[in-house]
Amino acid sequence: MQNILDTSIEYLKGVGPKRAALLKNEIGVYTFGDLLQYYPFRYIDKSRIHKISEITSDLAYVQLRGTISNLKVIGKPRAQRLLAIFSDESGAIELVWFKGFKWLDGKFKPGVEYLVFGKPTLFNNKYNIVHPEVDLPDEENEDLSKVLHGHYSCTENLRTRGLSSRNISKLMRTLMLKVLGNIPETLSPAIIKNLGLLSREEAFQNIHFPGNQELLRKAQARLKFEELFYIQLRLLKQKFGRQEEVDGHPFANVGDYTNAFYKQHLSFELTNAQKRVIREIRADLGSGKQMNRLLQGDVGSGKTLVALMSMLIALDNNFQACLMAPTEILANQHFATISTMTSALGIRVELLTGSTKAAKRKQLHEDLRSGELQLLIGTHALLEEQVKFKNLGLVVIDEQHRFGVAQRARLYYKNVIPPHILVMTATPIPRTLAMTLYGDLDFSVIDEMPPGRKPVKTYHFFDSKRLRLFGFMKEQIALGRQVYIVYPLIHESEKLDLKDLMDGYESISRAFPLPDYPISIVHGKLKSDAKDFEMKRFIKGETKIMVATTVIEVGVDIPNASVMVIENAERFGLSQLHQLRGRVGRGADQSYCILMSGNKLSEEARTRLKVMTDTTDGFLIAETDLKLRGPGDLAGTQQSGILDLKIANLLRDEKILKYARNLAMEILEKDPSLGKPENKLLSQTLQALHKYQDDWASIS
Ligand code: ADP
Ligand code: MG
């Protein structure tokens with residue numbers, strides 16, 4: 001049966017085709033159900049009526065009762081506005097409309113009492129109210145609109161074309177009357193009873209037209225819970241499903257390669273965190289179930305080693321393994337590190353990237369199929385159709401947020417039995433976000449840095465201190481160190497970015513002349529072999545300064561480069577600043593990060609720079625980032641679409657989230673496929689909710 005909530009919004013009384021188009025384009029409201037889920041962003045107490053004489057600039061909103069007079073349109077044709085005088089027994093105030101006032105013509109009658117609602121602003125030493133809401137006190141629906149009034153955010157287009165917050169509220173009333181009694185429940189009676197939730201219908205009613213403060217709170221709680229619960233149910237169902245249906249290769253042995261490497265070829269002691277994570281991975285690999293694990297560790301925490309040891313376990317069990325990195329430079333670097341570390345073990349390790357020559361490539365393909373080639377490192381070139389393994393047992397994906405989900409899914413299908421999968425990320429993810437974004441993966445954290453690291457010293461310089469910066473760079477270079485200078489990608493056009501970078505490069509070249517200061521430059525417009533060439537010169541220490549755009553952001557490990565200068569640092573997001581800073585502090589020397597900025601800083605930019613100079617704790621930085629920007633902007637969240645939350649807030653609703661996750665877990669533990677009769681409603685709702693969404697993840 002067609003649900004009334006699926007009815008096109010066009011058919012709601014008061015909407016029609018024109019407004020329907022507006023609602024669709026402006027706020028994505030297509031159906032009755034969509035409108036119902038267009039929640040107010042704030043509530044205003046309308047029980048209070050102010051006197052005009054009481055108005056002060058402290059009042060965010062006032063509600064006045066009085067009469068309207070002296071309406072007149074003034075100004076030139078293109079800049080017209082409507083003015084009116086509004087009076088009560090205590091005084092008078094001006095009302096102003098700049099837009100959309102044609103339809104007000106003749107609407108206000110002299111001598112009739114109106115309720116006026118709006119924000120008073122001081123203009124020429126007098127208060128006025130711009131674009132007030134005007135109502136008759138006894139307008140028919142007043143009884144429904146109790147004390148707390150929901151305010152809906154609306155775009156400029158909506159407002160000027162007759163769909164102000166107040167008009168949306170009116171539509172909502174019409175809608176409510178139409179659908180009451182027909183809003184299907186989505187949580188089972190048991191859940192509602194146990195958690196003391198409002199019914200779905202009561203929740204919708206009170207979210208739009210709260211009976212009182214308490215009911216509003218309950219409505220919010222119910223809707224937030226529902227939203228988070230179904231996300232968790234979906235993620236965890238995927239996870240349970242995989243565990244049920246997909247067997248993994250049991251890696252029973254920790255054999256020669258692993259032992260030999262650990263005992264003879266590891267030049268340092270593993271940190272406790274590395275040991276713990278390797279134990280977790282080993283347990284997964286030995287379990288006979290397919291592993292899907294996210295390994296999170298701050299930049300420099302030593303994830304590569306964990307990856308290598310996991311891959312050696314695969315090799316010990318006569319399986320192949322591969323490691324995929326997001327850039328060619330990184331793949332090269334992993335290849336160099338790993339082939340050196342394993343050189344004494346007699347393992348066949350190869351590198352496959354976009355620039356691998358055809359003949360070599362052909363050979364690699366053959367050796368992969370025969371099984372002779374055991375460990376393959378590369379870029380997304382690994383995903384190509386021709387790359388076929390004899391028996392791929394483990395896939396490691398480094399810096400996972402750089403890869404699209406679809407790409408990862410392709411690795412999953414490279415074997416009949418899917419390989420174990422380990423994704424690694426250096427992007428610190430606050431717990432609540434991780435639970436949501438990666439809720440279907442098992443989660444390991446390296447929360448300890450290798451010993452002997454000196455925390456990077458971070459300073460913020462204004463541009464006026466540039467000479468001091470240059471002096472400092474020269475001192476460091478004289479000590480044998482190397483320096484990165486990074487420019488942001490800020491403009492819409494790549495040309496402009498390049499210009500910024502080239503201007504910077506020129507001024508650096510002037511201040512740091514040859515032959516004392518050879519400089520490398522790397523940016524996105526360079527061909528990859530030119531990029532590699534420059535990068536290699538820097539890695540070898542042949543150049544002292546690396547001028548670059550953010551292409552060097554991810555993963556590169558050059559211990560001798562101990563100074564990171566970030567130009568226009570105010571334009572970078574926090575997590576990006578943190579990533580960039582993570583490029584230094586990898587050797588034994590004291591490292592420095594210098595944040596350069598202009599003098600004029602927004603408050604948010606100031607906060608970001610201050611957090612950077614105050615702490616090197618990735619989690620703290622990530623949490624601040626989440627607070628400043630909201631989860632939608634964090635790396636990796638855009639592609640998932642999962643954080644398109646309508647009402648819940650991952651920062652504020654951590655408790656509800658945990659509740660929702662635990663309940664979803666409990667239900668699935670007893671009934672992983674949600675096939676039992678008592679879970680039919682949940683299963684149906686889940687399907688309906690994700691009818692239009694791609695199954696975005698086979699892996700994560
Ligand atoms: P990331 O987690 O950022 O990928 P890497 O794996 O690149 O970090 O490791 C950073 C550096 O730390 C490398 O030079 C690596 O050899 C070194 N390292 C890793 N583990 C340890 C350890 N337990 N003790 C000392 N150095 C280590
Ligand atoms: Mg790394």
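Just follow the structure's listing: the first ligand is 1, and inside any ligand the first atom is 1.
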Please could you name the atoms of ligand 1 that [X] approaches to less than 4.0 Å, counting only its heavy atoms?
X	value
Thr304	4 (O), 5 (P), 6 (O), 7 (O)
Thr271	23 (N)
Ser301	2 (O), 8 (O)

At under 4.0 Å between heavy atoms, which part of [X] makes contact with ligand 1: side chain, backbone, both or neither?
X	result
Arg453	side chain
Glu269	backbone
Leu270	backbone

His460 side chain to Ser597 side chain, donor-acceptor N/O pair below 3.5 angstrom: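 There is such a pair between these side chains.
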Do you see a donor-acceptor pair shorter than 3.5 Å between the side chains of Gln274 and Thr271?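 There is such a pair (donor and acceptor under 3.5 Å, judged by atom type) between the side chains of Gln274 and Thr271.
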Based purely on interatomic distance, does Gly300 place a nitrogen or oxygen under 3.5 Å from a nitrogen or oxygen of ligand 1?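 N/O-N/O distance under 3.5 Å: yes.
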Using a 3.5 Å cut-off on N or O atoms only, is Gly297 in polar contact with ligand 1?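 It does not: no N or O of Gly297 is found under 3.5 Å from an N or O of ligand 1.
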Heavy-atom count check: over 12 atoms from other residues, nucleotides or ligands less than 6.0 Å from Arg282 CZ?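 No, not enclosed.
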Over 12 non-hydrogen atoms of neighbours within 6.0 angstrom of NZ in Lys610: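 Result for NZ/Lys610: open.
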Using 30° and 60° as the class limits, which term best fits the ring planes of Phe470 and Phe512: parallel, tilted or perpendicular?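 Ring orientation of Phe470 relative to Phe512: perpendicular.
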Could you list the residues that satisfy ring pair (Phe, Tyr, Trp, His ring centres under 6.0 Å) with Tyr505, not counting sequence neighbours?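 So Tyr505 forms no ring pair (Phe, Tyr, Trp, His ring centres under 6.0 Å) with any residue.
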